[in-house]
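Okay, structure first, notes after.
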Amino acid sequence: MKLVKPSLDWKEQHEDYMEEWGFERMVPSSLDFTGFPSYEEFLSALEERAQGKGQWVPSSHYFLVNNMNQIIGMIDIRHELNEYLRTIGGHIGYGIRPSERKKGYATYLLQEALAKCKELNINQVLITCNEENIGSAKVILNNGGVEEDLFITEEGLMKRRFWISLN
Ligand SMILES: CC(C)(COP(=O)(O)OP(=O)(O)OC[C@H]1O[C@@H](n2cnc3c(N)ncnc32)[C@H](O)[C@@H]1OP(=O)(O)O)[C@@H](O)C(=O)NCCC(=O)NCCS
């Protein structure tokens with residue numbers, strides 16, 4: 001397994017990955033290319049986002065790829081927290097393709113992402129999940145998450161907030 005950065009080389013695998021998600025809302029949404037006129041335009045928008053242009057804080061994006069070069073999961077690491085990320089989004093968003101869930105991949109992917117956070121000097125990592133997302137809460141707990149509180153959004157969505165200390 002390896003982490004790779006999104007690029008044109010992964011276009012077909014990315015399409016295959018998104019097809020498998022079907023109508024389920026893709027997480028992280030930053031790696032959903034739906035609505036872009038071309039893959040190249042998606043990549044250039046992602047690059048601007050990664051650099052923290054416009055409304056975005058700087059971020060890093062990776063695909064988790066297996067030995068057969070199939071994309072198994074995706075992760076988005078936000079380098080800073082703004083108001084929305086501090087309460088709802090957190091530092092990290094991740095998802096695993098439906099056919100590869102419950103095999104330990106998200107636990108592994110978050111572990112790898114935490115190593116990237118360490119390199120970025122993000123030593124206190126905030127990760128959130130919806131209250132009913134038992135799988136995601138377990139992934140966070142498996143990686144040393146300590147629950148702080150429950151944040152209720154304006155829409156009434158309950159977000160569990162966890163911190164992982166990398167010190
Ligand atoms: C949540 C998600 C990332 C979990 O990925 P995964 O690869 O299945 O997670 P893991 O295999 O590492 O499982 C971690 C633990 O959660 C458990 N688990 C996973 N999915 C679960 C589910 N739907 N219900 C209950 N437990 C679940 C696993 O059994 C495992 O338990 P263990 O640690 O006791 O062995 C994946 O289901 C997904 O992509 N969901 C949609 C996107 C999403 O919700 N992303 C997270 C946003 S916060």
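Numbering of ligands and ligand atoms starts at 1, following listing order.
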Should the proximity of Asn133 to ligand 1, defined as any heavy atom under 4.0 Å, be assigned to the side chain, the backbone, both, or neither?
side chain
Mark yes or no: Arg101 above the aromatic ring of Trp21, with NZ or CZ under 6.0 Å from the six-membered ring centre and no more than 45 degrees from the axis.
yes
Does the separation of the ring centres of Phe33 and Phe36 fall below 6.0 angstrom?
no
At under 4.0 Å between heavy atoms, is it the side chain or the backbone of Lys138 that contacts ligand 1, or both, or neither?
side chain
Within the 4.0 Å heavy-atom shell around Gly104, which atoms of ligand 1 are there?
10 (P), 11 (O), 12 (O)
Just checking Lys159: does its NZ atom have more than 12 heavy atoms from other residues, nucleotides or ligands closer to it than 6.0 angstrom?
yes
Any N/O of Trp21 closer than 3.5 Å to an N/O of ligand 1?
no
Any non-hydrogen protein atom below 4.0 Å of atom 29 (O) of ligand 1?
no
Is Asn130 close enough to touch ligand 1? Criterion: a residue heavy atom under 4.0 Å from a ligand atom.
no
Heavy-atom contacts under 4.0 Å between Tyr108 and ligand 1: side chain, backbone, both, or neither?
neither
Number the atoms of ligand 1 from 1 as they appear, then name those within less than 4.0 Å of a heavy atom of Lys103, with their elements.
11 (O)
Applying a strict 4.0 Å limit to heavy atoms, is Arg97 in contact with ligand 1?
no
Within the structure, does at least one protein heavy atom fall under 4.0 Å of atom 36 (C) of ligand 1?
yes
Please verify the inter-ring angle class for Phe42 with Tyr39; under 30° counts as parallel, over 60° as perpendicular, anything in between as tilted.
tilted
